[in-house]
2 protein chains.
Amino acid sequence: MKLGEGVEAAIHCASTLASVDGNSTMPGAALAECFGLSPSYLLKHLNQLTTARILESVPGPAGGYRLARAAERITLLDIVLAVEGREPAFRCSEIRQRGPVKIDASAYVKPCGINAAMLKAERAYRAALAEVKLSDIVAEYAAEGDPRAFAASCAFVERYQRPQKSASSKQI
Amino acid sequence: MKLGEGVEAAIHCASTLASVDGNSTMPGAALAECFGLSPSYLLKHLNQLTTARILESVPGPAGGYRLARAAERITLLDIVLAVEGREPAFRCSEIRQRGPVKIDASAYVKPCGINAAMLKAERAYRAALAEVKLSDIVAEYAAEGDPRAFAASCAFVERYQRPQKSASSKQI
DNA sequence: GATAGAATACTCGGATAGTACATGTCCGAGTGAGGAAGG
DNA sequence: CCTTCCTCACTCGGACATGTACTATCCGAGTATTCTATC
């Protein structure tokens, strides 16, 4: 029951990318510098987000990352699942039938109640994450966060974002 | 986001211990054999439950483990926290203030919205686990589970449980 | 025969190796930009 | 002056070490039982 450190980085980067204009991109190195992270390692997580179709990557000079779809259509659950994997945290290994008492397999057709309870709790967890959109995070930050910190973030984005030539043509 | 394998073992053992009579005990070796687990390793998890005041351990011959309180007063959350630790799964390391843009610390007095959203989801997870009592698991198993498997479990408990002499006097 | 003592066997508990996963780092493939040469 | 080609620098992507935490195991501390010797 411990989430990797990369989840925090992934969400922060996605929030930052939500502030870039149109389909401009932002290099991974800039994101790493923004949060004081190792550039080489952050790319690993950004790549996971790209594989999950949450981000898009543009190679070459003036390349970088951008959101693959609108921030209103990205939830925290999407990001968490992309980084941590889609498997449930609790995996029932059916130890109830590993004992020495041999019983026909037909006695275990029903899933065990413990597994059901654990999975139900995990569904509640995921449902709570699915309710939070990336746009909510950004809006809450702009409204509730400290104005100085917000201004600094905007300045950082302004400084490092790179507009794309074939921007309008690559709209999906 | 991955729970250790010991959680499953701990819950199954606790459910089994909920079926022992009065304050009889059951040795850890018997529980390990019941689920085909390594006896030496299972003791580690049982010890965690004992430290968390969920189980009681009785040393010496005819010793073993028993529930420290009624099964109605033990929830799945108690067991999960005892095994996995009480720390939240998501730990905010405040990477937002690690960047090169130096801002006064007063700008970060408010907890970051990402952390708040993650913790809220975890509260939902824990609340769902707290609603499930150990007695519910046992009752559901007795009512919905396969009668053959249930009978085999009862026979196993009957065979290995050890009544305690000073049983009634040690009632809390 | 009853009792006190010591040896014993069984239990849990903590300290000790092995392994899988997450973390952190490095180098290579690919691409667009920029500049130089030619028309 | 414009076009074309080449070189280059910058980007992401995957392959390679390292650290940590989970898993697994073994040996030691403690206690009720049990046997024996004595009263």
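Per chain, numbering begins at 1; letters A, B, ... match sequence-line order.
Within the structure, every pair that satisfies the ring-ring contact (aromatic ring centres under 6.0 Å, His included) test and touches residues 112-136 of chain B, not counting sequence neighbours, is listed here: Y125(A)-Y125(B).
In this structure, L42(B) places its CG atom 14 Å from C1' of dT11(C), rounding to the nearest Å. Atom P of nucleotide dA24(D) and atom CG of L37(B) are separated by 9 Å, given to the nearest angstrom. Atom-to-atom, NE2 of H45(B) to C1' of dG13(C) comes out at 15 Å; the value is rounded to the nearest Å. Atom-to-atom, CD of Q161(B) to P of dT11(C) comes out at 15 Å; the value is rounded to the nearest Å. Here dA20(C) presents its P atom at 13 Å from CD of E5(B), a figure rounded to the nearest Å. Going from atom CD1 of I95(A) over to atom P of dT23(D) covers 12 Å, rounded to whole Å. Distance Q48(A) CD to dA22(C) C1': 11 Å, rounded to the nearest Å.
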**Report entry** Sequence-aligned protein contact record of nucleotides 9-21 of chain D, with B where the base is within under 4.0 Å of a protein heavy atom and S where only the sugar-phosphate is
**Finding:** BBSSSS------S
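The nearest heavy atom of DNA chain D to P39(B) and to E84(B) marks one nucleotide each, and the one closer to the 5' end goes with E84(B).
Other residues sharing the hydrophobic cluster of V138(B), ordered by chain and number and joined by side-chain separations under 4.5 Å: none, the residue standing alone.
Put simply, Y41(B) has a side-chain N or O that comes within less than 4.0 Å of OP1 or OP2 on dT23(D). Residue S38(B) places no side-chain N or O under 4.0 Å from the OP1 or OP2 atom of dT23(D).
Side-chain contact check for H12(A) versus C34(A): every heavy-atom pair is 4.5 Å or farther apart. Using a 4.5 Å heavy-atom threshold, the side chains of S24(A) and R162(A) count as separate. Considering only heavy atoms from C-beta on, V80(B) comes within 4.5 Å of M118(A) through its side chain.
Of the residues I74(B), L81(B), T75(B), the one that meets the side-chain contact (heavy atoms from CB on, under 4.5 Å) test with I54(B) is I74(B).
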